[in-house]
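Please read the structure below before turning to the comments.
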There are 2 protein chains.
Amino acid sequence: MSRKVTIQDLAEQLKLTTGTVSRALNNHPRISDSTKKTVLELAEKLNYRPNRLASSLRLGKTNIIGVIIPSAEINFFGSVVHGIESLASTYGYNILLYQSNESEQYEQKAIETFTDVRVDGILASIAKNTHDFSHYLNLRNKGIPLVFFDRSQDMLNIPAVLVDDFKGGYIATEHLLKQGYKRVAHISGQQHLKIFRDRLNGYLAALQAAGITPDETLIYSGSVSIQSGKDAMEYFTGLTNPPDAIFAVEDFTALGVIKAAKEKNIRIPEQLGIIGFANESFDEHISPALSSIDQQTVQMGKEAFALLLKLMDDKKNDGLKKINVILEPLLQVRQSSMVLKSQG
Amino acid sequence: MSRKVTIQDLAEQLKLTTGTVSRALNNHPRISDSTKKTVLELAEKLNYRPNRLASSLRLGKTNIIGVIIPSAEINFFGSVVHGIESLASTYGYNILLYQSNESEQYEQKAIETFTDVRVDGILASIAKNTHDFSHYLNLRNKGIPLVFFDRSQDMLNIPAVLVDDFKGGYIATEHLLKQGYKRVAHISGQQHLKIFRDRLNGYLAALQAAGITPDETLIYSGSVSIQSGKDAMEYFTGLTNPPDAIFAVEDFTALGVIKAAKEKNIRIPEQLGIIGFANESFDEHISPALSSIDQQTVQMGKEAFALLLKLMDDKKNDGLKKINVILEPLLQVRQSSMVLKSQG
DNA sequence: TTGAAAGCGCTAACAT
DNA sequence: ATGTTAGCGCTTTCAA
């Protein structure tokens with residue numbers, strides 16, 4: 001196990017000082033071409049590699065950013081992390097990953113770790129069980145830039161990259177109407193969460209834009225689960241005037257609808273159109289394939305890093321300015337709502 | 001933005017030296033309880049936080065491990081990373097994440113970055129396009145412990161955590177036979193990859209253990225894709241003596257089989273039993289739900305970290321000993337191969 | 001253009 | 001039990 005070669009070693013062999021060698025290695029303007037050349041050559045020959053700990057300690061910059069996600073096991077976040085890391089590495093940044101497991105306590109530990117390691121910035125998606133946000137707010141005093149993605153908290157006034165859930169609800173509903181469905185229902189999510197309220201409001205707005213007065217009996221208060229979709233179907237089929245299409249708040253809810261429809265021998269999309277939200281990977285593999293709203297996860301990661309980079313670059317701002325990046329939700333049409341194609 | 005408080009600051013205020021303060025903070029044995037108490041109190045009060053860069057530089061230990069995966073967007077790896085990070089964080093280790101994008105070049109960059117940052121160890125899953133492994137082998141000289149997971153390379157003699165693919169193929173086939181299927185076919189994967197050869201061999205061994213002579217016409221040379229499953233079905237249905245069950249090398253291949261079977265009005269599992277491999281998240285959501293072999297991804301991550309930890313702890317070994325951890329594949333029975341239940 | 005010297009913040013050997 | 005001192009490897013100011 002060979003001892004690591006340091007700037008010191010290079011300097012001694014070349015009868016130079018460490019300062020000069022450092023300048024040569026870092027392409028300093030005032031250094032002769034000849035010494036630069038010899039230094040680089042010897043460095044190459046001896047397999048010299050800089051010690052980033054040392055330079056980080058000296059410079060006060062690590063080129064590492066901390067990323068907090070609820071769980072790497074959740075597709076959505078894996079995908080966002082993919083986006084973050086891809087862009088970050090092209091800028092010479094590395095990712096320190098921490099999972100919150102949806103717990104406030106882990107989140108605090110993550111931030112403590114990150115500040116101890118002196119990361120240059122932090123990207124985070126807030127844990128579901130976080131109620132006290134002081135650990136996030138404290139980052140401002142410490143001068144560590146922070147950007148939220150996917151899950152944010154408006155009142156904190158911290159930059160975030162989000163999907164436009166209102167618009168998502170709008171285009172999902174609009175799509176069903178354009179397909180010719182007349183009575184479009186909605187299975188909503190827990191209303192204390194803003195994203196679900198937004199989707200509901202998007203639904204309502206799309207109806208109104210089409211000159212349709214929302215029918216309260218067509219809005220089922222559900223949640224994100226297969227069971228919720230099944231329950232909703234139980235309710236809807238019991239109506240004297242049932243819907244002919246459903247916009248479900250999330251793909252798993254939509255999946256429940258599909259399962260229930262099959263049991264009840266209701267044909268999709270002929271008798272009932274259905275669209276979900278999230279564009280889960282199973283959507284295209286079930287039958288009928290499920291239409292959905294894509295949340296641009298990879299792009300979200302890239303935008304989040306890009307925004308963080310901006311904040312890290314110009315410290316004057318240091319996060320005081322509230323900048324939000326809102327991503328467009330994308331309509332992904334598949335069999336479950338494709339009236340024309342399915343007749344062929 | 002408050003300046004960071006250092007050990008120096010604590011020492012001055014308490015009229016102690018930095019050495020003593022450091023000892024107090026680190027719970028050194030020879031330190032009086034009283035000074036320890038006052039130091040800790042002031043640290044608390046001033047919100048002192050250690051600079052891990054400085055201590056890492058001094059100690060030559062970062063408590064960071066590097067993790068190389070092909071892509072965080074692939075479910076499988078997200079899940080493994082979840083396992084790694086979960087266990088690592090309980091041991092005070094943090095994860096530096098790098099994606100290889102299946103490229104040898106990125107892999108090399110990852111290792112360069114990791115050594116520059118002075119990670120204490122590395123966990124990696126080899127990129128598909130890696131042919132030269134010297135960057136991995138060089139880690140040995142550098143004294144950086146390395147453990148492979150999921151994708152390894154036997155000849156390198158580097159510790160690895162793997163799933164027993166032979167056994168996976170065996171129990172998948174055995175399961176179909178126990179369900180009463182008589183002619184069990186196999187759709188194989190690319191045979192230059194060891195994992196796929198192993199699954200095929202497991203299939204053959206299970207047949208022989210049941211006293212069945214393998215029938216070459218029941219082995220279709222396929223690959224991991226939906227199309228491959230469809231092609232296989234085209235082939236199998238054309239046989240004069242077609243199979244009544246299929247073990248597909250991977251879930252996507254099995255999915256192709258199911259889609260083709262539906263088109264051909266072949267009932268699953270009554271007329272044709274089917275089992276895949278990987279336990280993809282869509283398995284339980286398609287219909288019929290797909291039986292599969294679970295690869296224990298989260299456990300794989302934990303085992304990988306546990307093994308790395310062992311190597312990091314006792315440097316004498318430093319990876320010279322070849323230790324492999326082989327995980328048991330788990331049978332996951334669902335509708336697609338459940339003869340009894342499906343008759344109910 | 002290069003050298004000299006100091007210091008980023010911490011820890012550990014050695015001394016008392 | 002505490003103080004002293006040196007040094008991890010690097011960068012940068014100041015001086016020549």
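In what follows, every chain begins at residue 1, and chains take the letters A, B, ... in the order their sequences are listed.
Looking only at side-chain heavy atoms (C-beta outward), B:Ile64 and B:Arg52 come within less than 4.5 Å of each other.
Atom NZ in A:Lys61 sits about 16 Å away from atom C1' in D:dC10, given to the nearest Å. A:His28 places its NE2 atom 13 Å from the P atom of C:dG3, with the value rounded to the nearest Å. Atom CD1 of B:Ile7 is separated from atom P of D:dG3 by 13 Å (rounded to the nearest Å). Look at CD1 on B:Ile31: it is 8 Å from P on D:dA1, rounded to the nearest Å. Taking atom CZ of B:Arg118 as the reference point, atom P of D:dG9 lies 8 Å away to the nearest angstrom. Between the C1' atom of D:dG9 and the CG atom of B:Asp116 lies a distance of 13 Å, rounded to the nearest Å. As a whole-Å value, the separation of A:Tyr48 OH from D:dG9 C1' is 8 Å. Between the P atom of D:dA15 and the CZ atom of A:Arg30 lies a distance of 14 Å, rounded to the nearest Å.
Counting any heavy atom pair closer than 4.0 Å across all strands shown, B:Lys15 reaches sugar-phosphate atoms only and no base atom. Residue-level contact check: A:Leu53 touches neither bases nor backbone, having no heavy atom under 4.0 Å from any strand. In this structure, A:Ser55 reaches the sugar-phosphate backbone alone: every heavy-atom distance under 4.0 Å involves primed, P, OP1 or OP2 atoms, never a base. Counting non-hydrogen atoms under 4.0 angstrom, A:Ser22 reaches a base of the nucleic acid.
A side-chain donor from one of B:Lys61 and B:Asn63 sits under 3.5 Å from a side-chain acceptor of the other.
A:Gln108 contributes no side-chain N or O that, together with a main-chain N or O of A:His135, makes up a donor-acceptor pair within less than 3.5 Å. Side chain of B:Glu107 to main chain of B:Ala127: a donor-acceptor pair is present (N/O by atom type, distance under 3.5 Å, no hydrogens or angles). Checked by atom type and distance alone, the side chain of A:Glu85 never pairs as donor or acceptor with a backbone atom of B:Tyr98 at under 3.5 Å. Between the side chain of B:Thr113 and the backbone N or O of B:Lys109 there is at least one donor-acceptor pair closer than 3.5 Å.
The phosphate of C:dT2 has OP1 or OP2 within less than 4.0 Å of a side-chain N or O from A:Thr35.
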Quick test: give all pairs of protein nitrogen or oxygen and nucleotides 4-8 of chain D nitrogen or oxygen below 3.5 Å, distance rounded to 0.1 Å.
residue, atom, partner, partner atom, Å
D:dG7, N2, B:Arg58, NH1, 3.3

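For the side-chain contact (heavy atoms from CB on, under 4.5 Å) with A:Ile68, the qualifying choice from A:Ile111, A:Leu97, A:Ile126, A:Leu146 is A:Ile111, the only one to do so.
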